[in-house]
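Some notes on the structure that comes next.
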Amino acid sequence: THHCNVLLWEVATGKQLHLFDAPPTPVQRAALTPDGKLLISQHEGETVLRRWHVADGKPLGSLPIHARGVPAWALSPDGQTLAWGEYEGAVVLQDVAADKPKRRLVRPRELPRFVAFSADGTQLVVGYVNGKGAVVWDVRTGQEVTRVGAWDYAVVAPAPGGKLLAAAADYVETGLW
């Protein structure tokens with residue numbers, strides 16, 4: 001069988017610390033919490049995000065997501081909130097520890113392609129497909145702060161302090177707001 005494992009290395013020494021035994025499907029994305037205690041991975045075709053304990057490499061269960069997977073997800077800077085997009089246009093803010101949704105940010109018929117938290121975790125930037133631009137959301141209130149651009153952004157990157165936002169579109173433009 002073909003395995004698509006997730007590996008963890010110590011940067012200073014180059015030593016492999018763990019091999020997380022993942023399912024035999026390609027890994028689409030992985031992220032560590034800021035404290036380095038938890039690893040989250042997404043695997044092609046799965047309807048869950050897998051959680052792993054970094055210290056011993058053991059699985060900690062999974063977070064259920066949309067039946068078709070998720071187009072985009074990100075961990076907040078404090079590692080306590082997971083934001084993930086649904087194919088119906090909502091972005092779910094989920095409490096990682098409690099494994100429960102906290103809030104849904106809804107834009108009907110707009111598919112989230114990319115999500116990114118601001119450095120302080122107070123804002124979430126969502127890039128939408130089909131020329132819908134990027135929207136900055138207030139994480140605490142769930143209110144839309146602003147909308148920028150009008151392209152299908154592949155990557156969005158908020159600057160620390162929330163005053164600048166960079167977004168890059170496939171073959172079209174790169175903007176700075």
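Computed from a prediction, not measured in an experiment: that's the story for all the values here.
- Between the CD atom of Gln143 and the OG1 atom of Thr141 there is a distance of 5.0 Å, given to the nearest 0.5 Å.
- Inter-residue side-chain proximity for Leu93 and Val139 is flagged as met; some heavy-atom pair is nearer than 4.5 Å.
- No side-chain heavy atom of Asp95 sits less than 4.5 Å from a side-chain heavy atom of Gln80.
- Taking each heavy atom of Ala83 and Val115 in turn, the nearest pair found is O-CG2, 3.9 Å.
- In the model, Gln94 has a side-chain atom that pairs as donor or acceptor with a side-chain atom of Trp84 under 3.5 Å.
- Within the 3.5 Å criterion, the main-chain N or O of Val136 finds no donor-acceptor partner in the side chain of Arg147.
- Thr122 has its side chain out of reach of Arg140: every pair of non-hydrogen atoms, C-beta onward, lies at least 4.5 Å apart.
- Annotation for Ala119 and Pro77: closest pair O-CG, 3.2 Å, computed over non-hydrogen atoms.
- Annotation: the span from Leu60 atom CG to Arg50 atom CZ amounts to 12.5 Å, rounded to 0.5 Å.
- Smallest separation of non-hydrogen atoms from Gly85 and Pro112: CA-CG, 3.9 Å.
- Between the side chain of Thr33 and the backbone N or O of Gly79 there is no donor-acceptor pair closer than 3.5 Å.
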Using the rule given for side chain to side chain contact (heavy atoms under 4.5 Å, CB included), can you reason through Lys37 versus Val54, listing the C-alpha separation, both sets of side-chain angles and the distance that settles it, and then say yes or no?
CA-CA 5 Å; Lys37 294 180 180 180; Val54 170; 5.6 Å; no
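- Here the CG atom belonging to Leu124 is positioned 8.0 Å from the OG atom belonging to Ser118, to the nearest 0.5 angstrom.
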Starting from the C-alpha separation in whole Å, work towards a yes-or-no answer on side chain to side chain contact (heavy atoms under 4.5 Å, CB included) for Val126 and Trp137.
CA-CA 8 Å; Val126 181; Trp137 295 91; 3.7 Å; yes
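- Across all non-hydrogen atoms, the minimal contact from Gly142 to Arg103 is CA-CD, 3.4 Å.
- A distance-only check finds a donor-acceptor pair linking the side chain of Arg51 to the backbone of Val96 [under 3.5 Å].
- Both Leu17 and Trp52 are assigned to one and the same hydrophobic cluster, defined by single-linkage of ILVMFWY side chains at heavy-atom distances under 4.5 Å.
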Check step by step if side chain to side chain contact (heavy atoms under 4.5 Å, CB included) holds for Thr81 and Phe117.
CA-CA 10 Å; Thr81 303; Phe117 281 94; 4.1 Å; yes
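- Scanning all heavy atoms of the two residues, the minimum distance from Trp9 to Gly14 falls at CD1-O, 3.5 Å.
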Start with the C-alpha distance between Leu32 and Leu38, add both sets of side-chain angles, then the distance that settles side chain to side chain contact (heavy atoms under 4.5 Å, CB included), and finish with yes or no.
CA-CA 6 Å; Leu32 287 164; Leu38 178 70; over 6 Å; no
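- Taking the side chain as every heavy atom from C-beta outward, Val91 and Glu86 never approach each other to under 4.5 Å.
- Taken to the nearest 0.5 Å, the NE2 atom of His53 stands 10.5 Å off from the NZ atom of Lys58.
- Taking CG of Asp138 as the reference point, atom CD of Glu144 lies at 11.5 Å (rounded to 0.5 Å).
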